[in-house]
Amino acid sequence: MATGTGRPWWAPPPPSAAAPFAPRFPSPPSSFTADPPAEFLCPISGTLMADPVVAPPGQTFERACIQACAALAFSPPAVAADLSGSHSSSSSPLVLVPNVALRTAILNWCDRLALPHPAPLSPDTAHDIVRRLMPPPQRQEQQRSSLAQPQRPQTQVASSVRVRRPSVVVDGSAQAQEPSTSQRGDALEEEIMAALGTDGGATPAEQASAMALLRQATRENQEVRRQLCTPRLLAALRPMLLSPDADVQVNAAAAVVNLSLEPENKVRIVRSGAVSPLVDVLRGGHPEARDHAAGAMYSLAVEDENRAAIGVLGAIPPLLELFAGTAGAAGHRARREAGMALYHVSLSGMNPSKIARAPGAVRTLLAAVEARDRANEGDAAALRRLAVMVLANLAGCPDGRAALMDGGAVAAVVRLMRNGSAAPGSAEQEYCISTLYGMSRGSMRFRGLARAAGVEAALQPVAEGDGGVGRDLARRTLRAMRGEDDEAPVTATGLLGRQWDDGSVVSEGLVSIRRPPHRSNYAGPSGSNTTQF
């Protein structure tokens, strides 16, 4: 009986819900909104302050913002002091005192939530923010006075930039007004599209600025992620993934991960054509962008409707390469997310056959199964479990069974069960049994390989156990080894969500015969475990 979640009713939960696969550093869940305390935000820009300073008569601001106010001779409503006079002149300089205590509190808050430290705003960005707060007449006058001044080159928006609060004019003065979520999303989309330009002629610095803003905005708020997942913005995001500029590519890939955290966005992203650029990033992108692309593939593959497209569009070979650890200096996190993407992709359609036919696929999976790393055994065990999960799925199709037996999977799985890595009653043991059972179906060749590898000695204790779906499947595998026919037809659903090639249907890997299937104690998958970037 299927759970309706793309996972067999008998199967243990995928690593997204299991402790061994949790990141080694803390990270907020996908539903987390990293809204900092109000005192951490600059009253002028609304950004998390990187360089807070105290200005007369005692207010704290981001240094670049208060300096921009002084330079432009403008006092926004948030500033108690009058900056419209001579503060910008050398004869009466604006005295700013670093607020060390507040800066320490902000950095501690970021560390506690595993968020990057805010970066100081550039002078150009600060001037732009302050100009937006000016009443239209004063803004126009300032712009006219600056026409003769040389223009500063545009620089990248700092990663700490949040949504700028628009101003409204009341009785000739600008007042801050908190936008609605919809207005916030619309304003951000327009700002990003304006930075990218309608003709695609934006400079790398302008593209990096736009992608940094998009990355930050989509990390912070669920509703903003929903608002920004529009066809227009997704179309503009695709070429950014292929940019030769590392900053542009990294921020664009991270933004895709963040957008994909919302369930309703997953299908939109795939339908927008984002998978092919992500595959290109996996194949030869910047190392950090490649790691983000693996996370995006994992997040998108959680949605059943996306799995076939991901397989067809060529994601399997680069995901295997990343999982193998041969793609540059791939870390455990990137390898884990590549493995999770492979697992979810292998749950659907013809993808198990595609994986089985991919060059070196079985060799890569078996290498992870047999890998040992005393220094990082936890990481090795996590990858080992993922590899066995994918092997169990491959055993459900003819191409997969043939490739597994050609690659020595029978002996490798038995070794895993007998050396203690797949402990009795563990999820790893159940996946191992499912893999052996899949290879045993209708294969005379399996009998000889199983006898040589000692399958009977490995399965006999399970078959003689107290019960459970593992025992039933072990018994069926042993009967297949002995050439005995099953005593009852199978009536449940197919292994890992698929019907077997011979027309019979098996209960997603582990079945119960002549009795109603019992309820699994395992909860369903929790969805994407990808962290905001």
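Owing to the predicted nature of the structure, the values given are computational and were not obtained by experimental measurement.
The heavy-atom pair separating Ala68 from Val130 by the smallest distance is CB-CG2, 3.8 Å. For Leu41 against Gly46, the heavy-atom pair with the smallest separation is CD2-O, 3.9 Å.
Ser272 places a side-chain N or O within donor-acceptor distance of the main-chain N or O of Ile269, the cut-off being under 3.5 Å. With hydrogens and angles disregarded, a donor-acceptor distance shorter than 3.5 Å links the side chain of Asn265 to the backbone of Arg225. Proximity of a side-chain donor or acceptor of Glu62 to a complementary backbone N or O of Asp51 within less than 3.5 Å is detected. Judged purely by atom type and a 3.5 angstrom limit, Asn258 uses its side chain to pair as donor or acceptor with the backbone of Arg215. In terms of modelled atom types and a separation under 3.5 Å, the side chain of Asp247 and the main chain of Ala208 share no donor-acceptor contact. The backbone N or O of Met49 lies less than 3.5 Å from no partner atom in the side chain of Thr47, so there is not a single donor-acceptor pair. Judged purely by atom type and a 3.5 angstrom limit, Glu264 has no side-chain atom pairing as donor or acceptor with the backbone of Arg226. Listed for the Thr104 side chain is a donor-acceptor partner under 3.5 Å among the backbone atoms of Val100. Checked by atom type and distance alone, the side chain of Thr125 never pairs as donor or acceptor with a backbone atom of Leu121 at under 3.5 Å. In terms of modelled atom types and a separation under 3.5 Å, the side chain of Lys266 and the main chain of Ala301 share no donor-acceptor contact.
Here the OG-NZ distance, from Ser348 to Lys354, works out to 9.5 Å after rounding to the nearest 0.5 Å. Going from atom CD of Glu262 over to atom CG of Leu228 covers 11.0 Å, rounded to the nearest 0.5 Å. Interatomic distance, OG of Ser243 versus CZ of Arg238, reported as 15.5 Å (0.5 Å rounding). With rounding to the nearest 0.5 Å, the separation of CG in Leu386 from CZ in Arg384 is 11.5 Å.
Arg271 has a carboxylate O that lies under 4.0 Å from a charged side-chain N of Glu305, or vice versa, which qualifies the two as a salt bridge. With respect to the salt-bridge test (charged N to carboxylate O, under 4.0 angstrom), the residues Arg307 and Asp304 qualify.
Between the side chains of Ser346 and Asn351, no donor-acceptor pair is found at a separation under 3.5 Å. Using a 3.5 Å distance cut-off with no hydrogens or angles, the side chains of Glu189 and Thr230 do pair a donor with an acceptor. Side-chain N/O atoms of Gln216 and Arg219 include a donor and acceptor closer than 3.5 Å.
With contacts defined as side-chain heavy-atom distances shorter than 4.5 Å, the pair Pro98/Arg103 does not qualify. Side chains of Pro231 and Leu234 form no contact here, defined as non-hydrogen atoms less than 4.5 Å apart. Within the 4.5 Å cutoff, no side-chain heavy atoms of Phe61 are placed close to those of Ser45. Here the side chains of Glu206 and Leu196 are not in contact, with every heavy-atom distance at 4.5 Å or above. Contact of the Gln249 side chain with the Leu242 side chain is not registered, since no non-hydrogen atoms from C-beta on lie closer than 4.5 Å. Within the 4.5 Å cutoff, the side chain of Phe74 has heavy atoms near those of the Leu133 side chain. When side chains are defined from C-beta on, Leu102 counts as touching Thr60, because their heavy atoms get closer than 4.5 Å. Between Leu48 and Cys110, the closest side-chain pair of non-hydrogen atoms falls below 4.5 Å.
When the shell of 6.0 Å around CZ of Arg63 is examined, it contains more than 12 heavy atoms from other residues, nucleotides or ligands.
Taking the six-membered ring where the residue is Trp, His344 and Tyr298 present parallel rings, their angle staying beneath 30° rather than reaching 60°.
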Exercise for the section: Using the salt bridge (charged side-chain N to carboxylate O under 4.0 Å, His left out) rule, take Arg232 and Glu190 through it: C-alpha gap first, then chi angles, then the decisive distance, then the call. Expected result: CA-CA 10 Å; Arg232 184 170 70 144; Glu190 292 302 324; 2.7 Å; yes
